[in-house]
Amino acid sequence: MSTRKYSPPPNFIKDIIDDDLRTGKYEGRVHTRFPPEPNGYLHIGHAKSICLNFGLAEEYNGKCNLRFDDTNPETENEEFVKAIQEDVKWLGFDWEDRMYFASDYFEQLYQYAVELIKKGKAYVDSLSPEEIREYRGTLTEPGKESPYRNRSVEENLELFEAMRRGKFPEGAHVLRAKIDMAHPNLNMRDPVMYRIKHVPHYRTGTQWCIYPTYDFTHCLSDSIERITHSICTLEFEDHRPLYDWFLDELEVYHPRQIEFARLNLTYTVLSKRYLSILVNEGYVKGWDDPRMPTIRGLRRRGYTPEAIRDFCERIGVAKRNSIVDIALLEHCIREDLNKRAPRALVVLNPLKLVILNYPENQVEELEAVNNPEDPAMGTRKVPFSKVLYIERDDFMENPPSKYYRLAPGREVRLRYGYYVTCVDVIKDPGSGEVVEVHCTYDPATRGGWSPDGRKVKGTIHWVSADHAIPVEVRLYDHLFTKADMVNLEEDEDFRKYINPDSLRILYPCYAEPSLANAPVESRYQFERVGYFCVDPDSTPERLVFNRIVGLRDTWAKIQKKFS
RNA sequence: UGGGGUGUCGCCAAGGGGUAAGGCACGGGUCUUUGGAACCCGCAUUCGGAGGUUCGAAUCCUCCCACCCCAGCCA
């Protein structure tokens with residue numbers, strides 16, 4: 001049962017599937033797959049693909065496999081395999097017993113290659129890599145055929161087997177499909193199917209020294225797994241004729257490749273290259289830095305799987321290149337956490353407030369609501385006393401007209417506490433900075449209501465100084481200062497747009513005592529401030545909170561309008 | 001000057017001959033012990049451009065323009 005007010009948009013892939021179901025193609029099955037290469041960490045762009053593939057399977061009562069596309073042993077490893085599994089699971093998807101590896105198909109793939117050789121559709125080429133490039137031609141000129149293109153089937157078979165046996169050094173030979181060196185689509189100009197790499201594979205060890213390429217492997221892996229709809233990104237559109245060619249020539253089960261536009265987000269980058277630079281050059285602290293758009297980064301930041309899935313659904317699926325406003329992602333996490341996160345009073349930039357007429361050693365336990373959106377979450381007690389901390393921003397000596405927080409002579413409500421009126425201000429004699437605010441309180445307003453019905457314009461949050469626990473708060477901002485990081489000028493260095501203020505650390509901030517045992521990864525709304533998540537850097541002595549996202553700030557907008 | 005794609009509101013995105021959904025953002029308002037949330041209202045006479053077909057075109061046809069991808073033994 002869904003409580004959402006919008007419905008997931010239709011998309012062209014569902015149209016295709018609906019058609020296939022109607023015409024009985026694939027016996028009414030829907031079987032997709034998410035095929036990551038285990039050479040890096042997953043990011044929000046992958047999440048789009050994961051949600052699409054697993055989501056489609058779910059929606060059509062089908063299946064979705066997790067398949068590692070591990071055909072390049074130079075860059076792939078077990079660590080990434082584990083990390084990817086973790087991330088997909090954390091996002092909330094289940095491949096059940098269907099985790100596969102392209103490397104499991106190596107022997108079968110080899111046999112398919114032999115079959116193509118026998119059919120005269122593949123040959124061993126002995127041109128050097130440079131020569132192959134030259135022979136390929138250009139975008140506007142046709143390529144030319146390799147002098148080795150017409151070797152006999154027997155010779156090809158012998159050579160290919162010798163390649164497998166490790167008789168040649170890397171680069172000496174490759175196996176190529178025999179298609180058409182003059183084809184207008186460069187991918188069809190006798191693409192490489194196998195190359196020699198004397199490199200152990202993290203799964204097959206030293207069993208192989210020749211490895212199949214993506215084009216040859218992917219379509220056949222899909223075929224072997226009886227995938228119905230093989231969904232990939234736009235840059236593979238040009239490869240579809242090749243995908244189809246291998247399957248047609250081999251006369252095997254033939255899935256359909258469908259391409260969609262990959263995700264781009266404002267104020268961040270999603271390419272493996274840029275992300276690696278951020279990590280390797282120390283602009284962030286690692287792949288799970290809360291500023292990173294990686295799944296691990298978002299998770300550490302405090303994003304929920306639900307919010308990420310909601311986001312992936314809302315952005316839609318189409319073929320047009322686009323850059324989604326990161327404000328939508330922020331909206332999704334706010335909406336999710338508003339309903340689920342318990343509230344807490346935490347002062348980020350403390351200013352001391354003394355209630356002159358409050359009894360010296362008195363402490364009251366005031367009742368606070370844990371989540372006004374969900375009464376079932378109950379209430380808690382918050383200690384109140386003579387000396388409090390309030391937010392610096394909640395006091396102004398000379399307030400503008402629209403300001404309705406604390407100021408000399410003004411009365412405000414302390415949330416769940418009392419009405420207080422500012423009667424005096426203590427300043428640092430040197431700097432003139434306000435260091436303390438003196439107030440009087442109205443004992444009749446306990447809990448925040450006045451029996452005389454007198455209204456107060458502002459409600460501010462506070463923490464009792466004696467009971468406060470000092471915590472560290474990390475405020476994050478966008479990683480980049482430029483919204484569109486996709487369309488940079490030619491030869492423009494993306495580093496020049498790195499936001500130097502993407503992280504601000506605040507300490508000490510003062511939190512209400514109930515937060516003392518907050519477990520890592522638990523999330524709270526700090527009232528009037530934002531949503532926060534306990535970081536694993538926390539120690540029993542010092543809790544660390546990451547700001548996931550701020551609350552919508554109407555006051556900030558008003559201020560902006562005035563300035 | 002090759003091939004493959006894409007162009008609908010500031011950002012996403014439906015709609016595919018019957019007279020422009022929705023979300024985010026933005027603006028205004030109601031309410032409020034979070035300047036939060038919720039709720040209400042507003043927000044494309046117009047669909048890259050120009051012609052054409054038609055009673056009627058974002059949808060069909062023609063031409064043009066812009067942008068993206070492809071010359072790894074990466075995926």
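Everything quoted here is computed from the prediction, not taken from an experiment. Lettering of chains follows the sequences in order, A, B, ..., and the numbering in each one begins at 1.
Side chain of A/Arg320, nearest nucleotide from B/C26, B/G35, B/U6: B/U6. In the set B/G3, B/G5, B/A13, the nucleotide with an atom closest to the side chain of A/Ser322 is B/A13. Counting only heavy atoms from C-beta on, A/Asp69 has its side chain closest to B/A75 among B/C12, B/A75, B/U34. Nearest to the side chain of A/Arg528, among B/C70, B/C73, B/G35, sits B/G35. Checking B/G36, B/G3, B/A14 against every side-chain atom of A/Asn185, the shortest atom distance belongs to B/G3. In this structure, of B/C12, B/C69, B/G27, it is B/C12 that holds the atom nearest to the side chain of A/Val324. Among the nucleotides B/A75, B/A37, B/U34, the one closest to the side chain of A/Tyr214 is B/A75. Picking from B/C74, B/G28, B/C68 the nucleotide with the shortest atom distance to the side chain of A/Lys561 gives B/G28. Here B/G2 is the nucleotide among B/G36, B/A13, B/G2 with the atom lying nearest to any side-chain atom of A/Thr140. The side chain of A/Pro9 sits closest to B/A13 out of B/A13, B/U34, B/G23.
For B/G16 and B/G72, the P atoms lie 42 Å apart once the distance is rounded to whole Å. Here, B/C68 and B/C24 have their P atoms 31 Å apart, quoted to the whole Å. Nucleotides B/C43 and B/A25 are separated by 11 Å at their C1' atoms, to the nearest Å. Look at the P atom in both B/A14 and B/G22: the space between them is 15 Å, to the nearest Å. B/C63 and B/G10 have their C1' atoms separated by 31 Å, given to the nearest Å. Separation of the P atoms belonging to B/C40 and B/G56 is 40 Å when rounded to the nearest angstrom. Separation of the C1' atoms belonging to B/U59 and B/U53 is 13 Å when rounded to the nearest angstrom.
Judged by the 6.0 Å and 45° rule, A/Arg164 forms a cation-pi pair with A/Tyr110.
Using the Watson-Crick or G-U wobble rule with both distances under 3.5 Å, B/C74 pairs with nothing in any strand shown. Remark: B/C39 base-pairs with B/G29; criterion is Watson-Crick or G-U wobble with both hydrogen-bond distances under 3.5 Å. If you check B/A21 for Watson-Crick or wobble pairing at under 3.5 angstrom, you find it has no partner at all. Taking a pair to require two hydrogen-bonding distances under 3.5 Å in either a Watson-Crick or a G-U wobble arrangement, B/C60 pairs with B/G52. Taking a pair to require two hydrogen-bonding distances under 3.5 Å in either a Watson-Crick or a G-U wobble arrangement, B/A44 remains unpaired.
When side chains are defined from C-beta on, A/His201 does not count as touching A/Trp208, because their heavy atoms never get closer than 4.5 Å. Between A/His46 and A/Phe34 there is a side-chain heavy-atom pair separated by less than 4.5 Å.
Nucleic acid contact for A/Tyr403: base, since at least one base atom lies under 4.0 Å from a heavy atom of the residue. Here A/Pro372 lies in heavy-atom contact (under 4.0 Å) with a base. Note on A/Leu414: nothing from the nucleic acid sits closer than 4.0 angstrom, heavy atoms only. Within the nucleic acid shown, A/Tyr211 has no heavy atom closer than 4.0 Å to any nucleic acid atom. Among the atoms of the strands shown, only primed sugar atoms or phosphate atoms (P, OP1, OP2) are found under 4.0 Å from some heavy atom of A/Ile315. Using a 4.0 Å heavy-atom criterion, one finds that A/Phe236 contacts the bases of the nucleic acid, with or without backbone contacts as well. If you check every strand for non-hydrogen atoms under 4.0 Å, A/Glu74 touches nothing. In this structure, A/Thr266 reaches neither bases nor backbone, as no heavy-atom distance under 4.0 Å exists between it and the strands shown. Nucleic acid contact class of A/Ile132 (heavy atoms, under 4.0 Å, all strands): base. Counting any heavy atom pair closer than 4.0 Å across all strands shown, A/His183 reaches no nucleic acid atom. Within the nucleic acid shown, A/Thr445 has no heavy atom closer than 4.0 Å to any nucleic acid atom.
At distances below 3.5 Å, at least one donor-acceptor pair connects side-chain atoms of A/Thr445 with backbone N or O atoms of A/Tyr419. Listed for the A/Glu512 side chain is a donor-acceptor partner under 3.5 Å among the backbone atoms of A/Leu345.
Residue A/Arg334 places none of its side-chain N or O atoms closer than 4.0 Å to OP1 or OP2 of B/A37. Of the side-chain N and O atoms in A/Arg240, none sit less than 4.0 angstrom from OP1 or OP2 of B/G4. The side chain of A/Lys197 contributes an N or O atom lying less than 4.0 Å from OP1 or OP2 of B/C74. When the side-chain nitrogen and oxygen atoms of A/Arg189 are compared with OP1 and OP2 of B/C70, none of them lie within a distance under 4.0 Å. Under 4.0 angstrom from either OP1 or OP2 of B/A75 there lies at least one side-chain N or O belonging to A/Arg195. In this structure, A/Thr554 reaches the B/G36 phosphate: one of its side-chain N or O atoms is under 4.0 Å from OP1 or OP2. Residue A/His331 has a polar side-chain atom (N or O) positioned under 4.0 Å from OP1 or OP2 of B/C24. The phosphate of B/C73 has OP1 or OP2 within less than 4.0 Å of a side-chain N or O from A/Arg136. Contact annotation: A/Arg133 side-chain N/O to B/G72 OP1/OP2 distance is under 4.0 Å. Here A/Lys339 does not reach the OP1 or OP2 of B/A38: none of its side-chain N or O atoms lies under 4.0 Å away. Contact annotation: A/Thr75 side-chain N/O to B/C74 OP1/OP2 distance is not under 4.0 Å.
Between A/Phe236 and A/Tyr243, the distance separating the two ring centers is not shorter than 6.0 angstrom. For an aromatic pair to be called close, the ring centres must be under 6.0 Å apart, and A/Tyr194 with A/Phe216 satisfies this. The distance between the ring centers of A/Phe532 and A/Tyr524 does not fall below 6.0 angstrom.
Atom CG of A/Leu329 is separated from atom C1' of B/C11 by 13 Å (rounded to the nearest Å). Whole-Å rounding puts the A/Arg343 CZ to B/A37 C1' distance at 8 Å. Remark: C1' of B/C68 and CD1 of A/Ile323 are 12 Å apart, rounded to the nearest angstrom. Per the geometry, CD1 belonging to A/Ile258 stands 14 Å off P belonging to B/U6, to the nearest Å.
Contact annotation: side chain of A/Glu373 to base of B/G36, donor-acceptor pair present below 3.5 Å. Applying the 3.5 Å distance criterion, the base of B/G35 shares a donor-acceptor pair with the side chain of A/Arg405. In the interface, the side chain of A/Asp238 is paired with the base of B/G3 through a donor and an acceptor atom under 3.5 Å apart.
Residues A/Asp484 and A/Asn487 bring a donor and an acceptor atom of their side chains to less than 3.5 Å of each other.
Using the six-membered ring where Trp is involved, A/Tyr41 and A/Phe80 have ring planes that are perpendicular, over 60° apart on the 30 and 60° scheme.
By the rule that a glycosidic angle within 90° of 0 means syn, B/G72 counts as syn.
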